[in-house]
Amino acid sequence: MSALDEEEPNLEKGLQYWENTPATLNGVLGGFGTGTLPRVDPLGSRQFAQSLLPYTVRIKSVLRPLAADDGSRPPLRRIRALDVGAGIGRVTANVLLHLVDDVVMVEPIPKFVEQAVNAAAGWKGISNKEKSVTFLTGPLQQFDARKTVKENGEEFNPRRAGWAPPPDGEGERGYDIVWCQWALGHLSDADLVTFFKQARESLRKSPTGRAQEDGLVVVKENVCRDSHDGEAA
């Protein structure tokens, strides 16, 4: 094993890189924000999640043939997702809000979070308060998915747009989907193991009662080895 293989991600250098990246679609996609990627990637993600969790399909389809609306079908509880390394909210806006009711975004770069907060009114279900997004600013290394937003602390500067929960906060713990996309490479091996353990414990039982539709963790990453000069090996 080479010294390069043994190197751990440097959190401060990672934060510095993203702080110098524009809070735009093209910026967070590394220059690929003007092609087909912004359309193809979310579409594939939504289809993948819906194939595993049919209750996230909100229209009649082969994945979820809905029963007649005769009152015999019990209403599903609100469906929740966690978006880690959420950036400007690209995945939240284009994937998760099409599948779930409430999303918690965790992102360490303040200007990315501000961009998401400013754009949220135009996202699906936010302006009419059918859905909600909670914005947390801080590194994933300090976030515990098992805890509620309140329990994670004010240091994350929590803000919310859209639907508001009842005062008792019922249903505001745990997630049906934990979505990790192009973010986990910033975690050390130890931090990654801790995150996965906490994420697994945060998953909720399926609202349908079918065990095969219990909550899941989605990891969507592009992985390659870097050579010593920084180029892909």
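For the numbers below, each heavy atom of this structure counts, side chains included, while hydrogens, waters and symmetry mates do not.
Contact record, Ala199 with Ala145: CA-CB, 4.2 Å, taken as the closest heavy-atom pair. For the pair Ser51 and Phe48, the tightest heavy-atom approach, listed with the atom from each and the gap, is OG-O, 2.6 Å. Across Thr24 and Gly27, no two heavy atoms sit closer than the pair OG1-N, 2.9 Å. Taking each heavy atom of Gly153 and Pro158 in turn, the nearest pair found is O-CD, 4.2 Å. Scanning all heavy atoms of the two residues, the minimum distance from Ala116 to Gly89 falls at CB-N, 4.3 Å. Pairing each heavy atom of Ser127 with each of Ala121, the nearest pair is CB-O, 3.6 Å.
Within the 4.5 Å cutoff, no side-chain heavy atoms of Pro108 are placed close to those of Trp18. Under the 4.5 Å side-chain criterion, counting only non-hydrogen atoms from C-beta, Asp101 is not in contact with Trp163. Side-chain contact check for Lys150 versus Arg173: every heavy-atom pair is 4.5 Å or farther apart. Put simply, the side chain of Val113 does not reach to within 4.5 Å of the side chain of Phe156, judged on heavy atoms. Side-chain atoms of His186 and Tyr17, non-hydrogen and from C-beta on, never get closer than 4.5 Å to each other. Within the 4.5 Å cutoff, side-chain heavy atoms of Asp41 are placed close to those of Gln181.
With hydrogens and angles disregarded, no donor-acceptor distance shorter than 3.5 Å links the side chain of Arg90 to the backbone of Pro42. Formation of a donor-acceptor pair under 3.5 Å by the Lys131 side chain with backbone atoms of Val100 is found in this model. Between the side chain of Glu107 and the backbone N or O of Gly87 there is at least one donor-acceptor pair closer than 3.5 Å. Under the 3.5 Å distance criterion, the side-chain polar atoms of Glu221 are matched with a main-chain donor or acceptor of Ala183.
Note that CD1 of Ile109 is 5.0 Å distant from CG of Leu15, once rounded to the nearest 0.5 Å. From Glu8, atom CD reaches atom CG of Leu187 across 10.0 Å, with rounding to the nearest 0.5 Å. To the nearest 0.5 Å, the span separating CD on Glu114 from NZ on Lys111 amounts to 12.0 Å. For the atom pair CH2 (Trp179) and CE (Met105), the distance works out to 15.0 Å, reported to the nearest 0.5 Å. Taken to the nearest 0.5 Å, the CD1 atom of Ile79 stands 10.5 Å off from the CG atom of Leu99. To the nearest 0.5 Å, atom CG of residue Leu53 and atom CG of residue Leu216 are 4.5 Å apart.
Contacts of Thr21 classified as side chain to side chain donor-acceptor pair (under 3.5 Å), with partners at least two apart in sequence or in another chain: none.
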Compile the donor-acceptor pairs under 3.5 Å between side chains in residues 132-140 and protein atoms, sequence neighbours left out, one pair per line.
from   : atom 1 : to     : atom 2 : distance (Å)
Ser132 : OG     : Asp102 : OD1    : 2.7
Ser132 : OG     : Arg160 : NH2    : 3.0

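Environment of CD in Glu151: crowded, with over 12 heavy atoms of neighbouring residues, nucleotides or ligands closer than 6.0 Å. Counted within 6.0 Å of NZ on Lys124, heavy atoms from surrounding residues, nucleotides or ligands total 12 or fewer; the atom is thus considered open. Within a 6.0 Å radius of NZ in Lys129, other residues, nucleotides and ligands contribute 12 heavy atoms or fewer. Heavy atoms of other residues, nucleotides or ligands lying less than 6.0 angstrom from CD of Glu19 number more than 12.
By the criterion of side-chain heavy atoms lying less than 4.5 angstrom apart, applied directly or through intervening Ile, Leu, Val, Met, Phe, Trp or Tyr residues, Ile88 is not grouped with Ile126; the two fall into different hydrophobic clusters. Val95 and Val219 fall into different hydrophobic clusters, where Ile, Leu, Val, Met, Phe, Trp and Tyr residues are linked whenever their side-chain heavy atoms come under 4.5 Å apart, directly or through other members. When the side chains of ILVMFWY residues are joined at heavy-atom separations under 4.5 Å, either directly or via intervening members, Leu203 and Val218 end up in two distinct hydrophobic clusters. Cluster membership for Leu97 and Tyr55, using ILVMFWY side-chain heavy atoms within less than 4.5 angstrom, is shared. Under the 4.5 Å side-chain contact rule for hydrophobic residues, Val193 and Leu184 do not share a cluster.
The side-chain hydrogen bond (donor to acceptor under 3.5 Å, both in side chains) test with Asp176 singles out one residue from Arg77, Lys205, Arg78, and that residue is Arg77. Across Val217, Val178, Val103, a single residue satisfies side-chain contact (heavy atoms from CB on, under 4.5 Å) together with Leu82, and that is Val178.
Of the charged side-chain nitrogens involved, at least one lies within less than 4.0 Å of a carboxylate oxygen, so that Glu172 and Arg80 count as a salt-bridged pair.
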